[in-house]
Structures are given as C-alpha cells and as structure tokens.
Amino acid sequence: MGADDYVLVRGLRDTRGALARWNADPWPVLGRWLAGAVAVAVVLLGAVWIVASSVIPDPTGLSLPGLSRPADAGDVAYVLFRNSLVLALHATACVAGFIAGSSLPLTAERKRGLSRRVHRAARPIAFAWILAVTCFSLATQAYIIGSNGATLAAQLHISTGSLILTVLPHALPELVALFLPLAAWTIASRRQDWDDLLAATFATVAIAIPILVVAATWEVYVWPRLLRAVSPVG
C-alpha cells in the first residue's frame with residue numbers, strides 16, 4: 001500500500017469511527033459545536049449592529065422581497081444559494097483542518113527528502129489559510145450585512161436596534177448553522193482531535209442544511225411582515 005492509499009484508508013476509518021461514536025451519544029459533541037457557533041453568531045451580530053450604526057445609509061434604498069415587491073420561491077432559492085457559498089467556504093476550512101492536522105503528518109512520515117520537507121511545511125500554511133478564511137468571512141459578513149442594515153433602517157425609519165430585533169428569529173439560527181463547521185474546527189484544534197474533523201464536516205453540513213432552508217423561508221415570507229409591524233411607514 002502506498003503512502004497516499006494508507007492515509008486515505010486511515011482517514012475513512014477514522015471518519016466512520018467518529019460518526020458511529022457520535023451517533024451513539026450525539027449530545028456532548030453537538031452541544032460543544034452549538035455553543036461555539038452561537039458564540040460566534042452573537043459576536044457577529046454585535047459587529048453588524050456596530051457597523052449598521054456607524055456607516056452612512058445608501059440613499060437609493062434596498063429592494064426587499066415581500067416588502068418592496070412580492071416574494072416568491074426564487075427569492076428563497078437565492079438566499080439559500082448565497083448562504084450555501086458561505087457554508088461551503090467554512091466546510092472547506094474544516095476539511096483543510098483535517099488535512100493539516102491529521103493527513104499531512106501521516107503522509108510526511110512516509111515521505112523522504114524534499115517531499116517530506118514540503119509536506120511538513122504545508123501544515124502551518126494550511127492553518128494560516130484557515131485562520132485567514134475565518135477572519136475574512138467574519139469581516140466581510142459584518143460589513144456587508146451591517147451596511148445593508150443601515151440602509152434598510154433608514155429606509156423604514158426605524159432604529160438599527162429595532163432592525164436587529166426583527167432579524168434575530170432567522171439570522172441567529174442561520175448564522176449558527178453557517179458557523180458550525182468552524183466551531184467544530186476550533187474545538188477539535190483545542191482538543192487535538194484532528195482525526196475527527198472530516199466526520200465533523202459531514203455532520204455539521206448535514207445539520208446546517210435544513211436550518212438554512214427554514215431560515216431562508218422565514219426571511220423571505222415572515223421577516224417583511226415584522227418590518228412592516230415596527231416601521232411607521234408600513
């Protein structure tokens with residue numbers, strides 16, 4: 001068996017073992033993932049509030065399905081597509097954590113010469129990439145969502161605090177679902193459970209998908225009604 005085949009077989013074995021272990025007793029690991037994702041979501045929502053309260057609103061306003069025009073299933077699909085890109089980015093970071101923490105050390109030990117040095121050097125590069133992805137995701141989401149929030153609040157003549165309260169029912173579960181893979185990576189890195197990260201990627205994405213579907217449906221069909229209820233301009 002070649003080095004790459006050995007790493008693949010061991011990775012699949014570890015993944016099956018982790019999934020079986022979690023299926024027998026899911027709540028301890030799921031609770032840690034959810035706690036980490038909720039913490040990140042709360043921090044991000046706080047950053048969004050700060051940005052929304054600081055930036056200058058766009059005077060042209062926003063076109064919001066269900067508010068400025070009728071909403072339909074295509075709007076739900078668009079929200080799901082947008083969020084699926086973020087989830088894919090976070091899941092890729094989780095897979096990169098598995099490769100850097102588990103697969104690369106195994107492969108490096110079975111290599112020689114320059115190839116071995118290259119595999120060893122790739123590990124810190126992979127970790128740096130994961131950190132960069134996390135920071136990029138948080139910063140861009142905080143700024144984009146916050147800027148849109150400032151514009152929408154001004155358009156509806158409501159405070160940014162009131163706007164944040166209307167988005168909580170769908171934004172909080174949505175953000176928790178999106179950040180589950182990164183929460184799993186963070187917890188695994190602290191516990192040195194690198195072998196479980198590939199299984200964590202599959203599990204967190206499977207949990208996130210139905211949550212994102214419900215959140216997108218709420219955002220398109222229910223959230224506009226909440227905005228009308230709090231806005232003096234209806």
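The shown structure was predicted, so the numbers you read here are calculated from the model rather than taken from an experiment.
- Contact record, A52 with G149: CB-C, 4.3 Å, taken as the closest heavy-atom pair.
- For the pair W49/L45, no side-chain contact is recorded, criterion being any heavy-atom separation below 4.5 Å from C-beta on.
- In this structure, Q141 and I144 have side chains that are not in contact, with every pair of non-hydrogen atoms separated by 4.5 Å or more.
- The structure places CG of L180 at 11.0 Å from CG of L175, a figure rounded to the nearest 0.5 Å.
- Other residues, nucleotides and ligands contribute at most 12 non-hydrogen atoms within 6.0 Å of the CH2 atom of W218.
- In this structure, the side chains of L152 and P57 stay at 4.5 Å or more apart for every pair of heavy atoms.
- Taking hydrophobic clusters as Ile, Leu, Val, Met, Phe, Trp and Tyr residues chained together by side-chain heavy-atom distances below 4.5 Å, V167 shares a cluster with V230.
- Side chain of D25 to main chain of P28: no donor-acceptor pair is present (N/O by atom type, distance under 3.5 Å, no hydrogens or angles).
- Rounding to the nearest 0.5 Å gives a distance of 10.5 Å between CG of L30 and OG1 of T204.
- Under a 3.5 Å cut-off, the side chain of N148 and the backbone N or O of I145 do not form any donor-acceptor pair.
- At least one side-chain heavy atom of D75 sits less than 4.5 Å from a side-chain heavy atom of R69.
- Enclosure of atom OH in Y221 by more than 12 non-hydrogen atoms of other residues, nucleotides or ligands within 6.0 angstrom is indicated.
- When V38, V40, V42 are each tested for a side-chain contact (heavy atoms from CB on, under 4.5 Å) with V176, only one passes: V38.
- Between Y78 and V220 there is no side-chain heavy-atom pair separated by less than 4.5 Å.
- Annotation for G36 and A183: closest pair C-CB, 3.9 Å, computed over non-hydrogen atoms.
- Using a distance-only test at 3.5 Å, with no hydrogens or angles considered, a donor-acceptor pair links the side chain of Q155 to the main chain of L62.
- Under the side-chain contact (heavy atoms from CB on, under 4.5 Å) test applied with N83, the options L178, I211, I209 reduce to a single match, L178.
- The minimum heavy-atom distance linking G146 with V55 is given by the pair O-CG2, 4.4 Å.
- Rounding to the nearest 0.5 angstrom, the gap separating the CZ atom in F136 from the CG atom in L89 is 7.5 Å.
- In this structure, L156 CG and L64 CG are separated by 8.0 Å, a value rounded to the nearest 0.5 Å.
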Item to check | Candidate pair T201 and H90, rule side chain to side chain contact (heavy atoms under 4.5 Å, CB included), full reasoning | outcome: CA-CA 9 Å; T201 305; H90 295 174; over 6 Å; no

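- In this structure, W22 has its ring center under 6.0 Å from that of W33.
- The backbone N or O of D58 sits less than 3.5 Å from a side-chain atom of T151, completing a donor-acceptor pair.
- Nearest heavy atom pair, residue A215 against residue E174, reads CB-CB, 3.9 Å.
- At a threshold of 4.0 Å, the pair E219-R225 does not count as salt-bridged, since none of the basic side-chain nitrogens sits closer than that to a carboxylate oxygen.
- Residue-environment remark: CG (L85) exceeds the threshold of 12 foreign heavy atoms within 6.0 Å.
- Between the side chain of S53 and the backbone N or O of I50 there is no donor-acceptor pair closer than 3.5 Å.
- Taking hydrophobic clusters as Ile, Leu, Val, Met, Phe, Trp and Tyr residues chained together by side-chain heavy-atom distances below 4.5 Å, L44 shares a cluster with L168.
- The two residues L87 and A177 make their nearest non-hydrogen contact at CD1-O, 3.9 Å.
- From L212, atom CG reaches atom CZ of F81 across 14.0 Å, with rounding to the nearest 0.5 Å.
- Here L227 contributes atom CG and S162 contributes atom OG; the two are 10.5 Å apart, rounded to the nearest 0.5 Å.
- Note on L172 and L80: same hydrophobic cluster, where clusters join Ile, Leu, Val, Met, Phe, Trp and Tyr whose side-chain heavy atoms are under 4.5 Å apart, directly or indirectly.
- Closest non-hydrogen pair, I158 versus P232, comes out as CG2-CD, 4.0 Å.
- Placement of I56 and V48 in two distinct hydrophobic clusters is found when ILVMFWY residues are connected by side-chain heavy-atom separations under 4.5 Å, directly or transitively.
- Between L226 and L165 the shortest side-chain heavy-atom distance does not fall below 4.5 Å.
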